[in-house]
Amino acid sequence: MAPIPLAVTRFAPSPTGHLHIGGARSALFCWAFARRARRDGIDGRFLIRIEDTDQTRSSDESARGILEDLAWLGIEWDDGPELKVAGESSRSGETGGTRTIGGDPRGVGPFFQARRVALYNAHIDALAHAGRAYPAFETPEELDARRRDAIAAKRTYRYERPADVLPGVFHEQRWSRARSGERHVVRFVFPEEEVIVHDSILGDVRTAPGELDDLVIRKADGFPTYHFAVVIDDELMGVTHVLRAQEHLANTPRHVAMQRALRRLDNGRPFTVPVYGHMPVICNMDGSKMSKRDKAKAARKAARDAMARDPSITAATLGSQTGMGEPAVSGFLAGENDSAQTAEALAGRFNVPLPEIEIWDFRRSGYLPEVIVNFVALLGWNPGMKDADGKDLEKFDLPFIAEHFSIDRVGRSSSKFDRAKLLSFNADAIAAMTDDHFVRRVRRWFAEYEPGSLATLEARDPAALGILAPALRPRCRTLRDVVRQVAFALAQDNGYAFDPAAVEKHLRAGGGAGALSLREARSHLASLDPWSPEAIQVAIEQAARRLGFVTEKGVNVGPVAQPIRVAIAGVSVSPPLGESLAVLGKAATLARIDRCLKEVGV
RNA sequence: GGCCCCGUCGUCUAGCCUGGUCCAGGACACCACCCUUUCACGGUGGUGACGAGGGUUCGAAUCCCUCCGGGGUCACCA
């Protein structure tokens, strides 16, 4: 029996921060490709590898965070670092067992490149003996100077191969200098030939001979460069399809050239050139590349605008208010750094939202993982199908993607990230939930990001979210919106102010007609039992009827409802009164009305 | 600047490979109206694009060329 064909895709993040929205899409497409392959009887596998060869910027916490972000999105890997996540039962909100994502069933790990250095060195040795790699001793400063000279002379800078290095010849002198401990990097002898990359999305991309120079494959610290490690690992991990962002396209000829030069150490066979597919990048609405620096930019702008309006605001005052200190703030404002921490602190100080860039940001802002997945999939891919109404099908889930994904339908042009459309998708998903499901999701989100508010709300009524759910769902575009919607219930009964404009319009106008209505409503409410949303609604209608607010179309409850709203919320906007008053409870409602009547004094 | 990639409504896109059914369809946003106790939701309708110019063809969003525009990349980062 023939072996089952294998299709392996991989996502290879460097653990230097959170998972970027663009990275999430790359991961999603790789995952989808592998899953789709299974329908054709292929053993499709999605692999994760952590590219931590940058010693100074990588961290384990970051690696873990990225894995957790992927798991949150529901993108699970077949080969890769292990991550324990809450088990199936936790979906219902109960604490259940845990299960593990990842592992190494094929024995191709470890999946952290820092633990694979011996492997890289063995291949570099082989390359050295084949005369395809050599030590180079120029210092970074020297190279910088050469680069600057070239730019000044308007020449294209390329590293010039030392005259004593001959392709195909093992360079004993250089290697012995290297062995003796002299600081050096190792460079790859780039062949003098045309390299063609067969890209499954873009078609053939040719690179003319002489276009590329001898790239560094091992840094002075002994770690491989990204380019080299990728090539070795993709081969050793059996990666067959490389789907990644277009920013890597220009690097691909280098990778292909190395694959041609390398042989496996175990069986002497040449490296396999994987199938490549470079997908378009995701940019901001202004066309710039989406970057975590955008958060710093937004915070900086908010601070500068405020300082321009109010000269008393200075880096010093901000430094002390945010607890960041004056030097950190002034450095940040001068653009010397893009510290995420300072950006967050300033955004908090000026109460401006920072743009969501990383998955973690979207999660905190109350976006649903399935919506992020759906939306991001649409950036660069679409199923090309119609829904039951004959409209373009654009709402779908992970299983759908796993079933229908194909490289053929990945676009070639870059796309802009339209936050308004994302928000609309999120709102639609929330509106489509059952109330029970909505409550579970909201509680989980609150427990993570607003635990104090959750406690306050449920102290008022343990069933508060359940009561409000039907009113909340069409009003909340994100889970975080719930905070704003329930603000009235979070306030102390005597702890909110009455908006003067709302008081004027709904209570004082017409000689205090609103206040009169409020008194009438109060007496209906005071004798109400049971205290349910429906009963409250009926009581308000009765009050309106009693006051004569009846037209040929029926009872007009507005003149009664608005004064109540101002009384219980302080403003003329709130969720529907039935649910709102039900959550407050009878005693609090009456107390709020009484305080309003007293303070307004009409 | 060199090299490379891309170019349909403001945005995401369907259509392009296999020219005619496209005076270009959908979604988001926007505008108007309806519904309505506020805010939302919802309903109906509307504004709005084949980057430009040349070819090829009876016929081009679809094929070819040029130009223009946008992006990527040129590290001992990944």
Side-chain angles (χ1 to χ4, degrees), chain A residues 12-16 51-54 56-58 136 138-140 143-144 147 151 154-158 183-187 197 199 202-203 205-208 211-213 215-221 223 225-227 229-230 245-253 278 280-281 283 285 287-289 375 378-380 382 384-387 389-395 408 411-425 427 431 471-477 485 502 506 537 540-541 544 549 555-566 569 571-577:
Chain A
S14 65
T16 54
E51 311 228 324
D52 55 352
T53 53
D54 184 337
T56 54
R57 298 198 305 153
S58 299
E138 296 88 351
T139 64
L143 295 174
D144 266 358
R147 218 181 334 262
I151 291 167
K154 295 192 188 235
R155 287 196 322 270
T156 303
Y157 172 77
R158 283 197 192 94
R183 193 174 172 80
H184 68 283
V185 298
V186 176
R187 286 181 185 267
V197 175
D199 191 284
L202 300 172
V205 179
R206 293 159 188 276
T207 306
E211 205 47 63
L212 268 7
D213 57 12
L215 66 153
V216 173
I217 58 177
R218 186 169 71 198
K219 299 178 272 188
D221 65 4
F223 277 82
T225 57
Y226 159 76
H227 300 296
V230 164
Q246 246 177 54
E247 58 196 277
H248 290 288
L249 179 60
N251 294 145
T252 309
H278 288 92
V281 295
C283 340
M285 288 303 276
S288 62
K289 199 173 153 187
F375 187 70
L378 239 21
L379 259 29
N382 82 78
M385 296 165 77
K386 303 288 182 189
D387 65 17
D389 299 327
K391 298 180 171 178
D392 291 4
L393 180 67
E394 49 178 19
K395 298 283 179 69
D408 298 343
R412 277 167 293 277
S413 53
S414 62
S415 41
K416 292 177 182 166
F417 191 79
D418 185 354
R419 293 170 189 281
K421 185 159 178 170
L422 202 219
L423 204 50
S424 164
F425 271 40
L472 254 23
R473 283 191 302 104
R475 267 164 261 262
C476 293
R477 290 147 77 81
Q485 289 291 335
H506 298 295
Q537 183 60 34
I540 293 171
E541 276 167 28
F549 297 124
V555 186
N556 178 18
V557 296
V560 179
Q562 284 308 84
I564 299 175
R565 207 178 312 270
V566 173
V571 293
S572 57
V573 177
S574 86
L577 290 176

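Reckoned from all heavy atoms, side chains included, excluding hydrogens, waters and symmetry mates. Letters A, B, ... are given to chains in the order of the sequence lines, protein chains preceding strands, and every chain is numbered from 1.
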Legend entry - rC17(B) pairs with, by Watson-Crick or G-U criteria that keep both distances under 3.5 Å: none
Inset, instruction - Tell me which of R412(A) and C283(A) sits closer to the 5' end of RNA chain B, going by the nucleotide each one is nearest to. - result: R412(A)
Inset, instruction - Write down the distance separating the P atoms in rC77(B) and rC16(B), rounded off to the nearest Å. - result: 46 Å
Inset, instruction - In sequence, state the C-alpha distance, the side-chain angles, and the governing distance for T56(A) and D54(A), and then conclude on side-chain contact (heavy atoms from CB on, under 4.5 Å). - result: CA-CA 6 Å; T56(A) 54; D54(A) 184 337; 2.8 Å; yes
Legend entry - P atoms of rC5(B) and rC64(B), separation to the nearest Å: 14 Å
Inset, instruction - State whether the side chain of T225(A) and the backbone N or O of V216(A) hold a donor-acceptor pair below 3.5 Å, judged by distance alone. - result: yes
Legend entry - rA75(B) - base-pair partner by Watson-Crick or wobble geometry, distances under 3.5 Å: none
Inset, instruction - Quick one: label R473(A) by what it contacts on the DNA or RNA (base, sugar-phosphate, nothing), any heavy atom closer than 4.0 Å. - result: nothing
Legend entry - P gap between rC17(B) and rG54(B), integer Å: 23 Å
Inset, instruction - Calculate the interatomic distance between R57(A) atom CZ and rA78(B) atom P; express it in whole Å. - result: 8 Å
Inset, instruction - Using a 4.0 Å heavy-atom cut-off across all strands, classify H184(A) as base, sugar-phosphate, or nothing. - result: nothing
Inset, instruction - Establish, yes or no, whether the cationic atom of K421(A) lies under 6.0 Å from the six-membered ring centre of F375(A) and within 45° of the ring axis. - result: no
Legend entry - M385(A) CE to rC12(B) C1', straight-line distance once rounded to whole Å: 19 Å
Inset, instruction - Give a yes or no on whether R158(A) atom CZ has more than 12 heavy-atom contacts from other residues, nucleotides or ligands under 6.0 Å away. - result: yes
Inset, instruction - Grab the CG-P distance between D408(A) and rA14(B) for me, whole Å please. - result: 13 Å
Inset, instruction - Please report, rounded to the nearest Å, how far the C1' atom of rC17(B) is from the CG atom of L202(A). - result: 16 Å
Inset, instruction - Select base, sugar-phosphate, or nothing to describe what R187(A) touches, counting heavy atoms under 4.0 Å on all strands. - result: sugar-phosphate
Inset, instruction - Quick one: label T53(A) by what it contacts on the DNA or RNA (base, sugar-phosphate, nothing), any heavy atom closer than 4.0 Å. - result: sugar-phosphate
Inset, instruction - Using the C1' atoms only, state how far rU62(B) lies from rG15(B), rounded to an integer number of Å. - result: 8 Å
Legend entry - D389(A) (side chain) donor-acceptor with K391(A) (main chain) under 3.5 angstrom: no
Legend entry - For atom NE2 of H248(A) and atom P of rC5(B), their distance in whole Å: 18 Å
Inset, instruction - Please determine, for rA32(B), whether a Watson-Crick or G-U wobble partner exists with both distances under 3.5 Å, and give it or none. - result: rU44(B)
Inset, instruction - Grab the NE2-C1' distance between H278(A) and rU73(B) for me, whole Å please. - result: 12 Å
Legend entry - Whole-Å C1' distance, rG48(B) and rG55(B): 30 Å
Legend entry - Reading 5' to 3' through nucleotides 24-38 of chain B, protein heavy-atom contacts under 4.0 Å coded B for base, S for sugar-phosphate only, - for none: -BBBB--------BB
Legend entry - Whole-Å distance separating the CG atom of D199(A) from the P atom of rC5(B): 10 Å
Legend entry - P spacing across the pair rG10(B) / rA52(B), given as an integer number of angstrom: 12 Å
Inset, instruction - Look at the side chain of D52(A) and the backbone N and O of S14(A), then say whether any donor-acceptor pair between them is shorter than 3.5 Å. - result: no
Inset, instruction - Would you mind calling rC41(B) syn or anti? Take O4'-C1'-N9-C4 for purines or O4'-C1'-N1-C2 for pyrimidines, and syn is within 90° of 0. - result: syn
Inset, instruction - Could you verify whether a donor N or O on one side chain and an acceptor N or O on the other, from R565(A) and S574(A), lie under 3.5 Å apart? - result: yes
Inset, instruction - May I ask which nucleotide in the shown strands pairs with rA27(B), Watson-Crick or G-U wobble, both distances under 3.5 Å? - result: rU11(B)
Inset, instruction - Determine which nucleotide pairs with rG51(B), using a 3.5 Å limit on both distances of a Watson-Crick or G-U wobble pair. - result: rC67(B)
Inset, instruction - Using a heavy-atom cut-off of under 4.0 Å over every strand shown, decide if H227(A) touches base, sugar-phosphate, or nothing. - result: base
Legend entry - Comparing E51(A) and R158(A) on RNA chain B - which has the more 5′ nearest nucleotide: R158(A)
Legend entry - R155(A) side chain vs I151(A) backbone, donor-acceptor pair below 3.5 Å: no
Inset, instruction - Would you mind classifying the nucleic acid contact of N251(A) as base, sugar-phosphate or nothing, using non-hydrogen atoms under 4.0 angstrom? - result: base
Inset, instruction - Using a cut-off of strictly less than 4.0 Å, decide whether N382(A) has a side-chain nitrogen or oxygen near OP1 or OP2 of rA14(B). - result: yes
Legend entry - Separation of the P atoms in rC4(B) and rC50(B), to the nearest angstrom: 29 Å
Inset, instruction - Take the protein atom CG of L215(A) and the nucleotide atom P of rC76(B), then report the distance between them rounded to whole Å. - result: 9 Å
Legend entry - K219(A) side-chain N/O to T53(A) backbone N/O, donor-acceptor pair under 3.5 Å: yes
Legend entry - Separation between the P atoms of rC65(B) and rG25(B), rounded to whole Å: 29 Å
Inset, instruction - Considering just the side-chain nitrogens and oxygens of S14(A), establish if one lies under 4.0 Å of OP1 or OP2 belonging to rC77(B). - result: no
Inset, instruction - Identify whether any heavy atom of V185(A) sits under 4.0 Å from a base atom; if not, whether one sits that close to sugar-phosphate; answer base, sugar-phosphate or nothing. - result: base
Legend entry - Side chain proximity check, K386(A) to D392(A), heavy atoms < 4.5 angstrom: yes
